[in-house]
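A short write-up of the structure that comes next.
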Amino acid sequence: MTFDIGQRWISHADLELGLGICVEVDSRRVTLLYPSAEEERTYALDRAPLTRYELKAGDKLTHIDGRVLEVTETCPLGNTLSYEAVEPETGDTFSVHEQFIAPEVSVNTPQDRLLNNQLDKIGDFQLRYETLIERARYQASNSSGLIGARTSLLSHQLFVASEVGDRLAPRVLLADEVGLGKTIEAGLILSQQLMRGRAARVLIAVPDPLLHQWLVEMLRRFNLQFSIYDDARCEAEESDFDFANDQLVLSPWSFIEHNESARAGLLETDWDFVIVDEAHHLNLGLDAQNDLDTALTQLSQKSRGLLLLTATPGQSGIDSHFSRLQLLDPDRFSDLARFIDEQRQFEDTFDLIEKLRRDEDVEGLPADIDPSQPADQIIQSLVDQYGTGRVLFRNSRKSVSGFPTRVLHQYDLPEDDTSLSVADSHRTKWLAELLKQLKSQKVLVICRDKTTAMALEHYLHLQAGIRCASFHEDLSLLERDRAAAYFADEESGARALICSEIGSEGRNFQFSQHLVCFDLPHHPDLLEQRIGRLDRIGQRGDVNIHVPVTPNTTESVRFAWFNEGINGFETSCSIGHLIFDELGDELRVCEEKGRLSDELLTRTQALREQLNQQMDRGRDRLLELTSHNPARASELIAEIQSNERTVELQRFTDSLFDRLGIHTEEGSERCLILKPSENLVTGELPFLDDGGITCTFDRDLALARDDLHFLTWEHPVVRETIDVVYHSELGNASVAMIKAKSIKPGTVMVETLHTADCPAPKRLEIGRYLDQTPLRSLITLDGRDLGTAISCENLTRLIKPVSITQSAGVIRELRPKLVSALTELDARAVSHVRTLQKAAQLSVDNALKSEAQRLAALGARNGSVREDEVEAVNQLLTETKDAMARAEPRLQGIRVVVAT
């Protein structure tokens, strides 16, 4: 294939994009612009799924100004084409260069294929019909982006995700306490933005130690394949290094801070969405102090969407907290003094809300709130007036139920000789005995380093005869997955998973109720991370924490300080880092002496009490009201569960995968194994390589086993195979015969499928308003309507295939009558689409116009809505209605059935 600027091409992998125009080409890649969809796509030259768009004499040409002309001659013009064409009504002639052809085109229509005897298997029509129905159902869903995540359906997470993810350009600070799932909320928000076409290019910037955790979370939970951009990649790619090479980019802070050229490239790249984790460690906004702060501030200001994540928003002081809020919305947060004053008022407002909830009389309502309104409306108005509610979300353990009880088990052990190996130590023998006592129960063991973890696993497996697996940084991602899956297997899996400190990052093992701290970490946050692998919402039992302690050692001092000083074993300690920052040096002195001083213990306990009181006084209970609405979240969970339709998904994908050449076989424990066969009808599918994948439709099993893919309507394999059918010719033309007593021989039936075709950018989400469900029609050539009498499924069961010779004869003999019948059915489809358009216009008015009015009213009340948010909704309303006005019926399939 030879490419040149201005040529028109069609992607047979993405027909809905319309006609593309070549805008850039080099020795390796070609870039096409698709004006209808407002998208650019870049393809490798050696495997571009493209077909040159060329017209011949007699073909119809639609000019970009809407005129329909008839081509009389094709004239090469360099490597491009120009057409001589005539306007049939006037006889006027024109020369039209191919770049001026309208981008909305239709090729290889079902009618063309039928009349040219290019036919499919008779059952493919049924598959196409079902696929169109399921695609329409998904496009109309209001829970898009929330169904497919490998997460528990937790009320507070889904409320935050839905509230933020539904916005056109969300700019929000996620500040839930440790263990409540900020990363999951961010992933759910991002999934919605991507699936709804509101974002395409995404950057996640994280502290270096969290890089792997984010990579795994995005991949395993949300099927998002991020590419790591760091020093290693920069060195490997050299001159080819470019942030624009990938849509989803994950980068560590150190790379952004220390690599000047990479930092410049990062700032030159346009990002739709930026996520910054651990934002409290940075000085963002006007407080930027170094290259990292400055770069992330500039990126945050440029990006339409922005998520800042921190569990401790006030840790660095009110000034720093205000700077982050100002970065999110500079108009709303322009005055620090006013912001501080607002913060002082929240307790009074919360007291008013509590009285209203108790049906008590209240005084002191703001002047613009009508006291005669129902209590619920007054409460909502008070909540709306609390400004940070749309910008800041924070849930606490006190406001979210479902956490387990922690139980500490201390074991005093004799001191080991320093010359002893790990295998010969008292700790190792104690661990082996403990595992035997716990019998079949799952036990997570965490050590400080990989050397200890590997030695322990070796001893327990080979000498103590205990099934276990190791999990450490020297293993590849796949090997870690296998180890975690072996541990999660209830029937024949490992009884213990022996981890280095990396086991306390990213992975969740809430199916286990036993944690062994073989040794203790040096920092309380690491201890909290360890316990947090088990102490999570969804844990079904108490979390038992087993700690061996040798008196008068460094470990015994650390244990006493963690336990008696900060109470870090039996309670979640979100202030541990603050205490450690203050008293860490004194703790290290005590560790060296092998004894915790009474003075340090007393000071630690006093500081813990002081900080806890400060946090409780500063606990923003009004903010918690805006961060979680249990009733709304309950409705959302019910909607997600309803849309999951697991039984229907299993039945549908069984037929779909089989027809497309994906081999399926039953695995163990509610699992399914998918492998591409030699008959695969499409190219590469996401995640599905030659080795295949193991999947489950069961959410609970998917949560317990990271090695399984969670198959939902949103899984990339399901979405991609649905798109393969939709964008291909599969099932759109067939001829069959039927023999039934109730049908007179010689009767010819024409069955068609039409949809409302509306080329538009993905971000308009046309399918949410304009019903894409296929219109099925079934008529005889003499005009009888049989659509309600015979379903598509029943007809498919009754019909039989015909030979290519027989079908050619049928088409040749009946061609004029078939064309006449299709003309009649096309007219019906036009009327149907016009009815759908009217309903869609009303639907989009109700949804978007009311949303714009709500945002404007809310912004007028407390200034918490950015002006650009309201403008964006109004713009979306205009563009959506304009696009829907262009909707036309599209013939999706024809099946001709002859009775014998």
Side-chain angles (χ1 to χ4, degrees), residues 10-21 31-43 49 103-105 131-132 134-148 165-170 188-202 222-225 246-248 270-273 303-305 686 713-716 718-728 755-773 836 840 843-844 847-848 851 872-873 875-888 890:
I10 290 171
S11 169
H12 46 80
D14 299 290
L15 292 176
E16 87 285 359
L17 295 177
L19 192 58
I21 183 168
T31 299
L32 297 190
L33 169 67
Y34 294 94
S36 288
E38 295 181 8
E39 290 190 25
E40 276 193 3
R41 296 286 174 88
T42 299
Y43 308 94
E104 296 84 10
V105 297
T131 301
L132 292 172
E134 297 300 350
R135 183 177 182 273
R137 191 194 305 273
Y138 174 74
Q139 289 194 322
S141 170
N142 290 321
S143 52
S144 171
L146 297 175
I147 298 173
D166 199 40
R167 300 179 191 175
L168 295 181
L188 289 169
I189 292 166
L190 179 57
S191 291
Q192 292 173 85
Q193 292 285 303
L194 291 170
M195 290 190 180
R196 295 179 178 186
R198 295 175 180 177
R201 297 192 49 76
V202 180
F222 306 103
N223 301 305
L224 297 177
Q225 295 179 295
D246 288 287
Q247 296 288 91
L248 305 179
D270 290 327
W271 304 98
D272 302 316
F273 207 77
S303 173
R304 290 175 58 252
W713 293 103
E714 291 186 344
H715 189 279
V718 177
R719 291 206 328 267
E720 189 78 12
T721 47
I722 285 177
D723 283 346
V724 165
V725 175
Y726 180 79
H727 296 307
S728 73
T755 57
D757 188 39
C758 186
K762 185 179 179 182
R763 60 183 172 80
L764 299 187
E765 299 183 272
I766 294 296
R768 293 183 74 176
Y769 312 106
L770 184 65
D771 189 358
Q772 301 289 293
T773 304
L836 293 180
S843 176
V844 76
L848 295 181
E851 174 66 3
V873 174
Q875 180 67 23
L876 183 66
L877 173 64
T878 300
E879 290 183 34
T880 305
K881 294 180 73 170
D882 287 347
M884 288 192 302
R886 299 192 297 268
E888 295 293 339
R890 175 181 173 184

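Sequential numbering from 1 along the given sequence is applied to the chain's residues.
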Which atom names give the shortest non-hydrogen contact between [X] and [Y], and what distance separates them?
X: R201; Y: D270; value: NE-O, 3.1 Å
X: L132; Y: Y726; value: CD2-CD1, 3.5 Å
X: G148; Y: E714; value: N-OE1, 2.9 Å
X: L848; Y: V873; value: O-CG1, 3.4 Å
X: L188; Y: F222; value: N-CE2, 3.6 Å
X: V718; Y: T721; value: O-OG1, 3.0 Å

| field | From CA spacing to verdict: salt bridge (charged side-chain N to carboxylate O under 4.0 Å, His left out), R763, E879 | value | CA-CA 10 Å; R763 60 183 172 80; E879 290 183 34; 2.7 Å; yes
From [atom1] ([X]) to [atom2] ([Y]), nearest 0.5 Å:
X: R768; Y: S141; atom1: CZ; atom2: OG; result: 8.0 Å
X: I10; Y: L19; atom1: CD1; atom2: CG; result: 5.5 Å
X: D882; Y: L877; atom1: CG; atom2: CG; result: 9.0 Å
X: I766; Y: L764; atom1: CD1; atom2: CG; result: 5.0 Å
X: L876; Y: K881; atom1: CG; atom2: NZ; result: 12.0 Å
X: L770; Y: E765; atom1: CG; atom2: CD; result: 13.5 Å

| Among all residues two or more places apart in sequence or in another chain, which pass the side-chain contact (heavy atoms from CB on, under 4.5 Å) test with A200? | Q247, D272
| field | Listed partners of R304 passing side-chain contact (heavy atoms from CB on, under 4.5 Å), at least two apart | value |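 Partners of R304 under the side-chain contact (heavy atoms from CB on, under 4.5 Å) test: A169.
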| field | Note, I189 side chain near R167 side chain (heavy atom, < 4.5 Å) | value |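 Result no, sub-4.5 Å side-chain heavy-atom pair not found.
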Distance-only, no hydrogens or angles: does the [X] side chain make a donor-acceptor pair with backbone N or O of [Y] under 3.5 Å?
X: Q772; Y: A756; answer: yes
X: R198; Y: Q192; answer: no
X: E720; Y: H715; answer: no
X: T755; Y: D757; answer: no

| task | Using distance alone, with no hydrogens and no angle criterion, decide if Y138 and S144 have a side-chain donor and acceptor under 3.5 Å apart. | result |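 Present: a donor and an acceptor within the cut-off.
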| Any side-chain donor-acceptor pair under 3.5 Å between S36 and E104? |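 Yes, because at least one side-chain N or O of S36 sits under 3.5 Å from a partner of the opposite role on E104.
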| Could R196 and F273 be counted as a cation-pi pair, given that NZ or CZ must be under 6.0 Å from the ring centre and within 45° of the axis? |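 Not satisfied by the 6.0 Å and 45° rule.
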| query | Using 4.0 Å as the upper bound for N to carboxylate O, is an ion pair formed by E39 and K762? | reply | no
| request: For the pair L194 and L224, evaluate side-chain contact (heavy atoms from CB on, under 4.5 Å) and give the outcome as yes or no after the intermediate values. | output: CA-CA 10 Å; L194 291 170; L224 297 177; 3.7 Å; yes
